[in-house]
Amino acid sequence: MARYNPKDTEPKWRAAWANANTFLTPVTPDARPKYYVLEMFPYPSGRIHMGHVRNYAMGDVVARYKRAQGFNVLHPMGWDAFGMPAENAAMERGVHPKGWTYDNIAAMREQLKALGLSVDWSREFATCDPEYYGKQQAWFLRLLKRGLVYRKEASVNWDPVDMTVLANEQVIDGKGWRSGATVEKRKLTQWFLRITDYADALIDGLKTLDRWPEKVRIMQENWIGRSKGLRFTFKFDGKAPAGHADGLEVYTTRPDTLFGASFVGIAPEHPLAEQLAAADPAVAAFVAECRKGGTSEADIEGAEKLGRDTGLRVVHPLDPTQTLPVWIANFILMDYGTGAIFACPAHDQRDLDFARKYDLPVLPVVLPPGEDAASFQVGKEAYVGPGAIFNSKFLDGLDVEAAKTEAVNRIEAMDQGQGATVYRLRDWGVSRQRYWGCPIPVIHCAACGPVGVPEDQLPVVLPDDVAFDKPGNPLLRHPTWRHTTCPSCGGKAERETDTLDTFVDSSWYFARFTDPTAAEPISKAAADHWMPVDQYIGGVEHAVLHLLYARFITRALKDEGLVSVEEPFAGLFTQGMVTHEAYKNAAGEWVEPSDVVIAVEGNSRSAKHAATGEPIVIGDIEKMSKSKKNVVAPEDIFEAYGVDAARLFVMSDSPPERDVQWTNSGVEGSWRFTHRVWNEFESQPAGDFAHDEADAAALALRKGAHRLIGFVTDSIEGFRFNSGVARLYEFLNMLKAAPAENATHGVLAARAEALEILARLISPFTPHLAEEAWAQLGKSGMVVDAPWPKADPALAADDERVLPIQINGKRRGEIKVKAGAAEAEVEKIALADAAVMAHLEGLTVRKVIVVKDRIVNIVAG
RNA sequence: GCGGGCGUGGCGAAACUGGUAGACGCAACGGACUUAAAAUCCGUCGGGAGCAAUCCCUUGCCGGUUCGACCCCGGCCGCCCGCACCA
């Protein structure tokens, strides 16, 4: 028997698909229902890693499956090609970002093509193609006209390593998401997108995303952070400080606790605090002290409450006889609400900590259920639960929610404030002081201000002749590029040298794929047909970055009339990472897996270096990363085991949303499977055989095959690929138990039918093997064009059931009955069973529970 | 601190809606074939008792609901992810 040889067959079938234009999705849609499958497009780093293999293999399973189900599938591929690494390469190696990027794309395209993906490569583009980013500039200008784009001076997150600004979403634990450098605050004039205009829509829209992971929806909701409360103004007692004649505006979510107020606090960055600091060196010193603390988790956790009494006093809005001191406090954030609060220490832990430290009053106003008003006291823990309001004049006796409403009504009636909704979400700062990005299509004119580049002058193309010998943005140093004339007055003017955050590039590419050559940024007809993406697949790390931005841009483009959908991704699946053990030598240096030999003794494993024999420490299972050297190169695996085995392995073993641990023995298992499958096809003799109803072995095989269809179908539909693969293994074992050699004609007929079903069922997972198997069966055409198999209900149905018999909840035997057998009949058979009778000796049967086709439980005592 | 998730053999895991716990794979062990190895094939494989049929224990821990709980409820313990002085 000839061994299955993936090295010959895999390239052969890829060529066959390419020659037949199998995966080309015509721009003009046909009568079939559409299905748009998309995996998050890759950054062209130069070579694919196992994470890519898993991501794209999953998408390919879905795409091929839907195709076989009769859908007109759109499954495109492109490149998220702008970004920092290209500039870093330019600085480190003197190559041009453009050349570096396109070389990488060429290399990765070949690797991805080797995966045998059912991708329509004719739609491929890179975000750094001027044809793409020019269209991006076009819609950017339309959003600018709409007022969704604006410029402001703001305190921004500055990444000192990448030397650029970052959006809030791109700062993780106070560090840049890409560089890992501690982020600094800087005041800069920047371009912003009004994502906050869409805060409510983005929260409310989450409810419609019923095919998104709950986790991602919760993360987005928390990130947007909507809270309802009251914004109101404290009048100053006596003379107000200059410029603050209107008073001091605060925000609270607990207007019900207003009578428990003991002081008013302002952030150290609050304009009033800065004003006071300018006049008083002692205040200035205090404000500087507050700034010193870092922003990292540990810093905040350990930060002590610091405050300074300003000497100012304000009047209580609901009780003019009462005044409150105004403190500058380090725990108040300028970024949130109004940067000023009223503090109710009895019912807020931070306020309480502060009040205890500075000996400020603590007056409880919410009485917990069961407590006595005369004796209830707050110690070190603030009471934040429900209860009845007391010590609060007209609010007394109301519950918390009713008191909130009443307090808001009173303040509104006095015209001193109003109910307000506040968000944690900030507008999206999109200016990046980088070269390798989409130029912001704006011209700055001394007379006219910033003016959008006229549409007929787009795209604003990046100049190629730039130097990376100095840090900073090369566009700023370019001798001619920025100098131009004002489109409005014709006078001398300068181009904007900031480029767009690369997350803008990835916020609409899915819509461009529907017609990548359209003259408009988005072809309305094509997008209306294909959008939304039916199944989007990618890493969970984009839960609040890319996935939030893309939702926002889609809504903004919808309001601009470019698309009709509000939500870009109807279904989302977030897949787990590919992990691998990391190895270290005695010196603590990371060692590559290929240099390590593992020895197994019983249940313990030890490792040594393959070449030197020195002992190696087997470390944790971690995400594959270059720094830990625990990377397995996909091309090495393709070479050794074939592409299908690699694809199969990343789909096996672990549920797709969970991390999968890469092991060599695991992929060997998948490789063995491909060979065993092939052996079954090869050993099947050619020819037609008639089914034999009387042949029990043949019937069992046919039943197994028809049942398998349902199992595999459900596992793909439900994203349980690992279970589907397990069922395929199980069925292969069944086939092997009914070999072709010396088989009856009935079994040969059943095998022929089973193999035809099997070839179609494995084709989403191991597409090359499936084609070779299909050809081996003598089938015409390719399996990729064959419809998904349909189970014969009569064969897939179980006509006989094995029911376990429990006595008092413990399994004591089993009986065989016809499927759907009546309860009374089942009870009779169960009670007559020898093993059951033995167990019931000396007991009285009290009750018999029969669950149809499932189980029998006898209660006896 | 808040929000979410998870905890099942030596390992990755399965168990659909409360109904036979451990499918399938990996590792391990035993055997066949082979001069030998690889590959392949067959078998064993949660723990314990027993010659055996069989029985007892077992899904992080404690308790509850139920004829019946990996699954539902309450309370602990541990791990992972996200957010975090957000008023």
Exercise. If you measure from CZ on F649(A) to OH on Y641(A), what distance do you get to the nearest 0.5 Å?
Worked result: 10.5 Å
Exercise. With both distances kept under 3.5 Å, what pairs with C83(B), Watson-Crick or G-U wobble?
Worked result: G1(B)
Problem set entry | Side-chain-base donor-acceptor pair under 3.5 Å for K736(A) and C41(B) | no
Problem set entry | Candidates C26(B), A21(B), C56(B) - which lies nearest the side chain of R812(A) | C56(B)
Exercise. If you look at every strand shown and take non-hydrogen atoms under 4.0 Å, does I858(A) touch a base, only sugar-phosphate, or nothing?
Worked result: nothing
Problem set entry | Between P of G4(B) and CH2 of W223(A), the distance in whole Å | 19 Å
Problem set entry | K404(A) side, atom NZ; I389(A) side, atom CD1 - distance, nearest 0.5 Å | 9.5 Å
Problem set entry | P gap between C86(B) and G5(B), integer Å | 23 Å
Problem set entry | Distance flag, aromatic centroids of Y358(A) and F263(A), threshold under 6.0 Å | no
Exercise. Which nucleotide, C41(B), G12(B), C86(B), lies nearest any side-chain atom of L333(A)?
Worked result: C86(B)
Problem set entry | 5'-most by nearest nucleotide on RNA chain B - G337(A) or V802(A) | V802(A)
For this session: Determine the Euclidean distance between corresponding P atoms of G64(B) and G68(B); express it in Å to zero decimal places.
Result: 12 Å
Exercise. If you measure from the P atom in G46(B) to the same atom in G22(B), how many Å do you get, rounded?
Worked result: 10 Å
Exercise. Given the C1' atoms of A52(B) and A37(B), what is the spacing between them in whole Å?
Worked result: 41 Å
Problem set entry | C61(B) to C77(B) separation - C1' atoms, rounded to the nearest Å | 7 Å
Problem set entry | Whole-angstrom distance between U66(B) and A84(B), as gauged at atom P | 45 Å
Exercise. Now, which nucleotide makes the Watson-Crick or G-U wobble pair with A15(B), with each of the two distances under 3.5 Å?
Worked result: none
Exercise. For G9(B), does the O4'-C1'-N9-C4 (purine) or O4'-C1'-N1-C2 (pyrimidine) torsion place it in syn, i.e. within 90° of 0, or in anti?
Worked result: syn
Exercise. Which base sits across from C41(B) as a Watson-Crick or G-U pair, both distances under 3.5 Å?
Worked result: G31(B)
Exercise. Could you state the CD1-C1' distance from I855(A) to C16(B), rounded to the nearest angstrom?
Worked result: 16 Å
Seminar exercise, completed: In whole angstroms, the gap separating C1' of G25(B) from CD of E730(A) amounts to 12 Å
For this session: Using a heavy-atom cut-off of under 4.0 Å over every strand shown, decide if H347(A) touches base, sugar-phosphate, or nothing.
Result: nothing
For this session: Looking at every strand, decide which applies to D353(A) at a 4.0 Å heavy-atom threshold: base, sugar-phosphate, or nothing.
Result: nothing
For this session: Using a 4.0 Å heavy-atom cut-off across all strands, classify R854(A) as base, sugar-phosphate, or nothing.
Result: sugar-phosphate
Problem set entry | Whole-angstrom distance between U40(B) and U20(B), as gauged at atom P | 35 Å
Exercise. At under 4.0 Å, does any side-chain N or O of N722(A) touch on OP1 or OP2 of A14(B)?
Worked result: yes
For this session: Indicate whether OP1 or OP2 belonging to C26(B) is found under 4.0 Å from a side-chain N or O atom of R672(A).
Result: yes
Exercise. Base, sugar-phosphate, or nothing for R254(A), non-hydrogen atoms under 4.0 angstrom?
Worked result: sugar-phosphate
For this session: Report which part of the nucleic acid I849(A) touches: base, sugar-phosphate, or nothing (heavy-atom distance under 4.0 Å, all strands).
Result: base
For this session: Taking atom P in both C73(B) and G25(B), compute the distance separating them and give it to the nearest angstrom.
Result: 34 Å
